[in-house]
2 protein chains.
Amino acid sequence: MKKYPHSTRILVALDCIVFGFDGEQLKLLLIKRNFEPEMGKWSLMGGFLESNEDLEVATNRILYDLTGLKDIYFEEIKSFGKVDRDPVERTLSVCFFALINIHAHDQDSARAQNAYWIDLKSRPDLIFDHNEMVNIALERLRYKAALHPIGFELLPEQFTIPQLQKLYEAIYDSPLDRRNFSRKILSTHLLIDTGEKNQYGTTKKAILYKLDKEKYQRQFNAFHYFISDSMR
Amino acid sequence: MKKYPHSTRILVALDCIVFGFDGEQLKLLLIKRNFEPEMGKWSLMGGFLESNEDLEVATNRILYDLTGLKDIYFEEIKSFGKVDRDPVERTLSVCFFALINIHAHDQDSARAQNAYWIDLKSRPDLIFDHNEMVNIALERLRYKAALHPIGFELLPEQFTIPQLQKLYEAIYDSPLDRRNFSRKILSTHLLIDTGEKNQYGTTKKAILYKLDKEKYQRQFNAFHYFISDSMR
DNA sequence: ATTAAATTGTGTCATTTTAACACAGACATG
DNA sequence: CATGTCTGTGTTAAAATGACACAATTTAAT
């Protein structure tokens, strides 16, 4: 199979930062490693690119093995390619982040990988360069969510505007004005009033919305400026 | 050196879309291949990752070999990982774009690589998946330039506002309002009036500005909204 | 039953930003 | 010194933003 005279062939790994939202905090789905190397330590979910597998196929495989879900929203971040980043053997890691509805994934799949939801803010130290990966992923999430409606990927089918606001407040770790936020979100016309109201909560019940998926797809690449510059 | 039992080790290539601007059109620095495979055809500048070389080092090496320049602005775009993207042998390509001042690079370096500046609009067909790479790179350049002041990387040290506007018009392939553009650019306070004026041209001479590099670095990640949504 | 506390939905208003457009000054050419 | 072309700056109405206030809904406590 080697046809180029060039000799440097290396392992290609994929590492994934899986974000979730429990209604209060941003969470990461992290692996408590029960395999070598670095057994017992925490890491991102990852895997190696296989010989007859497209890169995107590998990404979907890894996400499926972890969550039991297909068609997950994910985005490539960058490749990590320091010579010594993996002390075992030289490995290029193509790093991406994924956004999932924390309640929709398959518990058994996560258990099989020894994966746990951990608060982003109180995450443990991770192996190799995975801490840096998480930091960059969070930056990228903040960047993207300020301009495009990706936040919805973290919420259930139906959700309220206060829920959505709490999500944005978790992402940017800072409070937002309720009234301006509401106006901003509604002005996108991406939300459809389901006519129902939130049944939980001990005060006034909020309107349940769902995403206008067609419109969402159509204008996904349009800028929305959800979060202003001064905010970030 | 193989320590993981996993067996799939592949070549890692880097491919670079080099953008330039001649005052009128966006240009690409493309290679007329005088080597196999696909000798005689056009391609992006690229190279393989070496065994003891960090990924960023390899990127800088490839750009240096092509242009004779160091500290070039570049940005990773994404990895291309289809199994058959290179018919010779499986190769993962980490793709990035670079912005250079078209007049500042070393001619001999480019000649040694058989590289030529080609109008983006009238570029030839490229090998492998390089056409797709260019399309995605242009999208990314448009995205980034709408929000961040990367356009300056394509211009000489000193430049006029009409020059800058022509650059933006080339990037977005559409005309901009002169007065609104000027106001937008000046409101960033990224430009320093050099006191000099453009000596070329047959009409009123435009003010030469230079970039406030310190401010540029400091607020590079701030949003500037150079180009409005409706524009894109 | 009434009230209090918490939360939701909507509205106001001054300020800023934007988009569309007009005019005057500078410069080479003839 | 008039003309054509390009540059710099100004104007104005409309839209968006940021900082607020107020009324309605709901549960729990009195």
Side-chain angles (χ1 to χ4, degrees), chain A residues 23-24 146-149 155-156 158-170 172 174-210 219 222-232, chain B residues 23-24 146-147 149 155 158-170 172 174-210 219 222-232:
Chain A
E24 295 293 332
L147 299 170
H148 304 278
L155 293 177
Q158 300 201 351
F159 53 86
T160 68
I161 289 183
Q163 267 181 285
L164 185 62
Q165 185 180 339
K166 279 193 173 173
L167 169 58
Y168 272 85
E169 290 177 331
Y172 296 100
S174 59
L176 298 172
D177 183 90
R178 203 165 51 82
R179 295 149 292 188
N180 294 336
F181 181 80
S182 175
R183 183 181 45 193
K184 192 71 175 173
I185 294 293
L186 289 173
S187 74
T188 64
H189 298 106
L190 283 168
L191 268 47
I192 299 171
D193 188 334
T194 65
E196 295 177 77
K197 298 206 168 183
N198 192 4
Q199 284 313 307
Y200 308 99
T202 165
T203 61
K204 182 170 181 179
K205 288 161 177 33
I207 298 169
L208 277 167
Y209 291 91
K210 63 178 180 183
Q219 35 169 267
F223 289 161
H224 284 289
Y225 308 131
F226 291 112
I227 305 294
S228 74
D229 198 29
S230 59
M231 183 53 248
R232 300 173 66 251
Chain B
E24 294 294 332
L147 299 170
L155 294 177
Q158 300 203 350
F159 53 86
T160 68
I161 289 184
Q163 267 182 287
L164 185 60
Q165 183 179 340
K166 278 193 174 173
L167 168 59
Y168 272 85
E169 289 177 331
Y172 296 100
S174 59
L176 297 172
D177 183 273
R178 203 166 50 84
R179 296 150 290 190
N180 293 336
F181 181 80
S182 173
R183 174 159 42 83
K184 191 71 174 176
I185 294 293
L186 290 173
S187 73
T188 66
H189 298 104
L190 282 168
L191 267 49
I192 300 172
D193 188 335
T194 63
E196 295 177 74
K197 299 207 169 185
N198 192 4
Q199 285 312 310
Y200 308 99
T202 165
T203 62
K204 182 172 181 179
K205 289 164 178 29
I207 298 169
L208 278 167
Y209 291 92
K210 63 179 179 181
Q219 33 171 268
F223 289 160
H224 285 290
Y225 307 132
F226 292 113
I227 305 295
S228 73
D229 199 27
S230 60
M231 183 56 243
R232 301 174 66 253

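Proteins come first, then strands; the chains are lettered A, B, ... in the order of their sequence lines, and each starts at number 1.
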Notebook entry, point to check: Hey, is the main chain of A:Ala222 close enough, under 3.5 Å, to the side chain of A:His148 for a donor-acceptor pair?
Noted result: yes
Note to self: With nearest nucleotide decided by heavy atoms, which residue, A:Ser182 or B:Thr203, maps closer to the 5′ end of DNA chain C?
What the structure shows: A:Ser182
Check: Could you state the CG-C1' distance from B:Asn180 to D:dA13, rounded to the nearest angstrom?
Finding: 13 Å
Margin query: Please pick, from C:dG9, D:dG8, D:dC20, the nucleotide with the shortest atom-to-atom distance to any side-chain atom of A:Ala206.
Written below: C:dG9
Next item on the list: Measure from the side chain of B:Arg183, starting at C-beta and using heavy atoms only, and say which of C:dT18, C:dG9, C:dA22 lies closest.
Entry: C:dT18
Notebook entry, point to check: Within this structure, what is the CD1-to-P distance between A:Ile227 and D:dT17, rounded to whole angstrom?
Noted result: 12 Å
Checklist line | Atom pair distance, as rounded to whole Å: CD in B:Glu169 and P in D:dC6 | finding: 12 Å
Note to self: Determine whether a donor-acceptor pair (N or O, by modelled atom type, separation under 3.5 Å) exists between the side chain of A:Ser187 and the backbone of A:Lys184.
What the structure shows: yes
Notebook entry, point to check: Are OP1 or OP2 of C:dG25 and a side-chain N or O of B:Lys205 less than 4.0 angstrom apart?
Noted result: no
Margin query: Within the structure provided, determine whether B:Phe159 and B:Leu191 are in side-chain contact (heavy-atom separation under 4.5 Å).
Written below: yes
Next item on the list: Please state how far atom CG in A:Leu176 lies from atom C1' in D:dT17, giving the value in whole angstrom units.
Entry: 14 Å
Checklist line | Toward the 5' end of DNA chain D, by each residue's nearest nucleotide, A:Arg179 or A:Thr202 | finding: A:Arg179
Next item on the list: Can you tell me the distance, in whole Å, between the CG atom of A:Leu208 and the P atom of C:dT8?
Entry: 12 Å
Notebook entry, point to check: Is A:Lys197 near enough to D:dT25 that one of its side-chain N or O atoms lies under 4.0 angstrom from OP1 or OP2?
Noted result: no
Margin query: In whole Å, I'd like the distance from the CG atom of B:Asp177 to the P atom of D:dT7.
Written below: 13 Å
Checklist line | Rounded interatomic separation in angstrom, taking CZ from B:Phe226 and C1' from C:dT18 | finding: 16 Å
Check: Quick one: is A:Lys184 getting a side-chain N or O under 4.0 Å of the D:dT17 phosphate, OP1 or OP2?
Finding: yes
Notebook entry, point to check: Can you find a donor-acceptor pair, distance only, under 3.5 Å between A:Lys204 side chain and D:dT25 base?
Noted result: no
Notebook entry, point to check: Taking C-beta and beyond as the side chain, do A:Phe181 and A:Asp177 meet within less than 4.5 Å on heavy atoms?
Noted result: no
Note to self: Looking at B:Ser182, is its backbone amide N or carbonyl O close enough to the side chain of B:Gln165 to form a donor-acceptor pair, meaning the two atoms are under 3.5 Å apart?
What the structure shows: no
Notebook entry, point to check: How many Å lie between OH on A:Tyr225 and P on C:dT18, as a whole number?
Noted result: 9 Å
